[in-house]
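The block underneath contains the structure these notes are about, expressed in structure tokens.
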Amino acid sequence: MASSSSLLRLTVLAVAIAAAAAVAGGADDGGNQREFDYFKLTVQWPGTFCRRTRHCCASNACCRGSNAPAEFTIHGLWPDYNDGTWPACCSRSGFDEKEISTLVDTLEKYWPSLSCGSPSTCHGGKGSFWAHEWEKHGTCSSPVVRDEYNYFLTALNVYFKYNVTGVLNDAGYVPSNTEKYPLGGIVSAIQNAFHVTPEIACSNGALQEVRLCFYKDFQPRECKVESILLQDMSLLKSSCPKYVSLPAYVSPAGCAGKPFSVFIISVTW
Ligand code: U2P
């Protein structure tokens with residue numbers, strides 16, 4: 001018969017193994033991650049992002065010269081928890097570009113990669129920006145978003161419906177390499193349009209990302225529950241100064257729109 005101290009040791013071991021499995025869930029099959037609470041659509045500003053481009057490549061939309069994106073583009077549609085954390089890598093369902101072949105042209109335009117790097121995917125590899133977003137976030141979006149195709153299509157639909165670029169332009173916040181705009185004014189413009197407060201992220205004083213949150217039926221909601229809002233006051237603590245820039249796109253030095261001219265030739269012929 002087991003002594004009470006060995007029973008205790010076994011219990012402690014079992015609890016430790018269970019806890020480790022829960023933390024590691026994202027890296028494995030993700031089966032033990034609980035269902036998410038809400039969605040967050042994050043859009044990024046190419047004018048800010050493209051300033052950091054050091055070299056060009058065909059996969060980087062910053063390198064498209066005059067055809068580079070002039071609107072906010074999608075970073076991702078992320079399932080999140082109310083406590084400010086999020087699940088990741090929820091299944092072994094690897095990215096398959098064939099499944100979204102009918103969406104590729106639209107995704108190239110509105111959900112392009114803004115860098116040449118290959119981000120990590122969930123199971124030890126590297127892949128495209130889309131592969132990263134699907135494996136890390138898309139796989140955690142069920143049961144609302146059933147499969148890869150539906151995940152990308154849903155993100156596009158929400159992005160088109162909640163047009164951050166249009167709202168900011170209409171409020172007079174247009175790309176400029178000389179102006180600075182009040183962060184409060186930008187937030188108010190989005191609040192007035194969508195009746196929720198966005199999260200805003202900046203890089204070196206320039207607006208980099210706008211994040212909008214949604215219930216699972218894609219009605220807009222606040223990103224954080226009130227108690228968390230009070231705790232961290234995400235806006236006040238944001239990476240943004242009181243006045244932010246919205247940089248106009250400048251072709252990255254040394255890129256000279258090269259991959260774009262290759263693209264033109266293939267289209268013309
Ligand atoms: O903010 C840095 C990175 O953390 C991930 N993130 C952030 C907030 C959130 O609500 N959910 C979330 O997943 C993003 O990771 P990525 O998709 O870029 O790998 C975000 O960029």
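What you are looking at is a predicted structure, and each value in this text was computed from that prediction instead of being measured. Counting from 1, the numbers follow the sequence of the chain as shown. Whatever order the structure lists them in is the order used to number ligands and atoms, beginning at 1.
At the shortest separation from atom 4 (O) of ligand 1 among protein heavy atoms lies W86 CZ2, 3.5 Å. Scanning all protein heavy atoms for the shortest distance to atom 15 (O) of ligand 1 gives K136 NZ, 3.0 Å. At the top of the distance list for atom 13 (O) of ligand 1, counting protein heavy atoms only, stands H137 CE1, 2.8 Å. In terms of protein heavy atoms, atom 20 (C) of ligand 1 is closest to W78 CH2, 3.6 Å. Nearest protein neighbour of atom 21 (O) of ligand 1, counting heavy atoms only, is H75 CE1, 3.3 Å. What sits closest to atom 1 (O) of ligand 1 on the protein, heavy atoms only, is R211 NH2, 3.6 Å.
Stacking of K161 on the aromatic ring of F218 is not recorded, the 6.0 Å distance cut-off and the 45° axial limit not both being met. Cation-pi check for R34 over F36 is not met; the charged atom does not lie both under 6.0 angstrom from the ring centroid and within 45 degrees of its normal.
Checked against the 6.0 Å centroid threshold, H132 and F95 do not count as a close aromatic pair. Remark: aromatic rings of F39 and F214 are distant, center separation not under 6.0 Å.
Atoms of ligand 1 found under 4.0 Å from any heavy atom of K40 (numbered from 1 in listed order, with element): 9 (C), 10 (O). For ligand 1, the atoms closer than 4.0 angstrom to any heavy atom of H132 are 16 (P), 17 (O), 19 (O).
Screening P112, P46, S251, P252 for a side chain to side chain contact (heavy atoms under 4.5 Å, CB included) with C62, the sole residue that qualifies is P252.
For the residue pair Q191 and T197, a side-chain donor N or O sits within less than 3.5 Å of a side-chain acceptor on the partner. In summary, the side chains of W45 and E71 do not present any donor paired with an acceptor at a separation below 3.5 Å, with no hydrogens or angles considered.
Under the 4.0 angstrom criterion, atom 9 (C) of ligand 1 counts as having a protein heavy-atom contact.
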